[in-house]
Amino acid sequence: MKRKILYLIILAIVLACVAVIYYAFDPSSSALFPKCPFLMLTGYKCPGCGSQRAIHALLSGDLAAAWHYNALLLVSIPFIILLLAGMALRRRYPRFDAAINSVGVVWTVFVVIMAWWLLRNIFGW
Amino acid sequence: MQRYWVNQNGIQSGPLTIDELKAMTIDVKNTYVWRSGMADWQRIDEVPELSDIVAAAQAAATPVPPEPEQPAETQEQPEPSEPEAEQPSEPEEQPEQEPEAEQPEQEQPSEPEEQPHAATPPAPPAELNDEPAPAFQQPAFQQAPTPPQYASAPMMPATPVPECPPTNLVWSIVCIVLCCWIPAVIGLVFSIQVKSKYREGNYAQAKKYSDWSAWCCIISIVLGVVSMPFALLVQLLAVN
């Protein structure tokens, strides 16, 4: 239990550092941020392309820009929080966790991601 | 004639014929059955051949919740049986789990009591094997005429259904959104399999797919981290 808390604290510190970096530097103008290898290799965008710029925009409070860079990221953040909450509270509310991990939900996520991947390459989102 | 073992609110009885089952008062949500040929215990409403019994029981339960009469068992075990129950121990939730209080809409997760005999862990781990039936079933079935040994071992696990292994959905999504490596997408496909296998009652397979999806996420993170310096190198070369 203590170890778990320690890990959580370390994780929080790391996340905070990353957040500061992404807030301070703009990935679209700095050469220090790695570009997506998939994009470099194939010329096609992957579902995560633009996430770094979107995170920078989010941290700067620019929702519209974040949406522009990677809409999927913006959409998935609340869902990820929900899933993490479900996981943390699994002991107490197993049904909630089971509901947000049900077959239908996972299928929907899969279809949405695939559609996003396809469409953004067709329309250049 | 098929005979069924019945576990109702942790109290086990059987073997019973279908007609004997019909005569019983059944609390559908807390009744599990097993017969020879079934891989594992299943809740009674998940067994297709017993659907009319379930329908009758539910019809009877709606107007006036009847007391589920335990067939000839004096021994009341306040152990709720629920498919997704976690093992330990939210003591504050226990008082609400009266076995005779029929709760058609059982909202709160029922958690089995902390077992006094901590040395004998409950069944779930055993069910991850491919064995046809959990270990504690086998002897019970072989000595068919005599009732199973719940009397001598009152702490027999009342939760024959193990909890679903994690789908790792979160990690797949995080990887796809951030690392963009294809293994995470494969992991997502495995996540789907986890739940469908679990639903079919194939717990060993569900566990396997759960592990695979976790591995996909790990591979995806490792690939993402490893590729980062290369991507940076290529970028720097392109700039110069």
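If you're wondering where the values come from, they're calculated on a predicted model, not measured in any experiment. Lettering of chains follows the sequences in order, A, B, ..., and the numbering in each one begins at 1.
- The line from NZ of B:K195 to CH2 of A:W107 is 16.0 Å long, rounded to the nearest 0.5 Å.
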Check against side-chain contact (heavy atoms from CB on, under 4.5 Å), A:I113 and B:V177: CA-CA 9 Å; A:I113 287 175; B:V177 171; 6.0 Å; no
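- For the atom pair OG (A:S102) and CG (B:L169), the distance works out to 9.5 Å, reported to the nearest 0.5 Å.
- Heavy-atom minimum distance, A:P34 versus B:L232: N-CD2, 3.8 Å.
- In this structure, B:V185 and A:M114 approach most closely via the heavy-atom pair CG1-CE, 2.9 Å.
- Proximity to chain A is limited to the side chain of B:V234, based on heavy atoms less than 4.5 angstrom apart.
- To the nearest 0.5 Å, the span separating CG on A:L83 from CH2 on B:W171 amounts to 9.5 Å.
- Here the shortest heavy-atom pairing between A:M40 and B:A231 reads CE-CA, 3.8 Å.
- Considering CZ of A:F110 and CD1 of B:I192, their distance stands at 5.5 Å, rounded to 0.5 Å.
- When all heavy atoms of A:M87 and B:V170 are compared, the closest pair comes out as SD-CG2, 4.3 Å.
- Rounded to the nearest 0.5 Å, atoms OG1 (B:T167) and CG (A:D97) are 7.5 Å apart.
- In this structure, the portions of B:P166 lying under 4.5 Å from any heavy atom of chain A include both its backbone and its side chain.
- Residue A:W116: no heavy atom, backbone or side chain, is found under 4.5 Å from chain B.
- Listed here is the closest heavy atom pair of A:V103 and B:S196: CG2-N, 3.9 Å.
- Minimum heavy-atom separation, A:V106 to B:L188: CG1-O, 4.0 Å.
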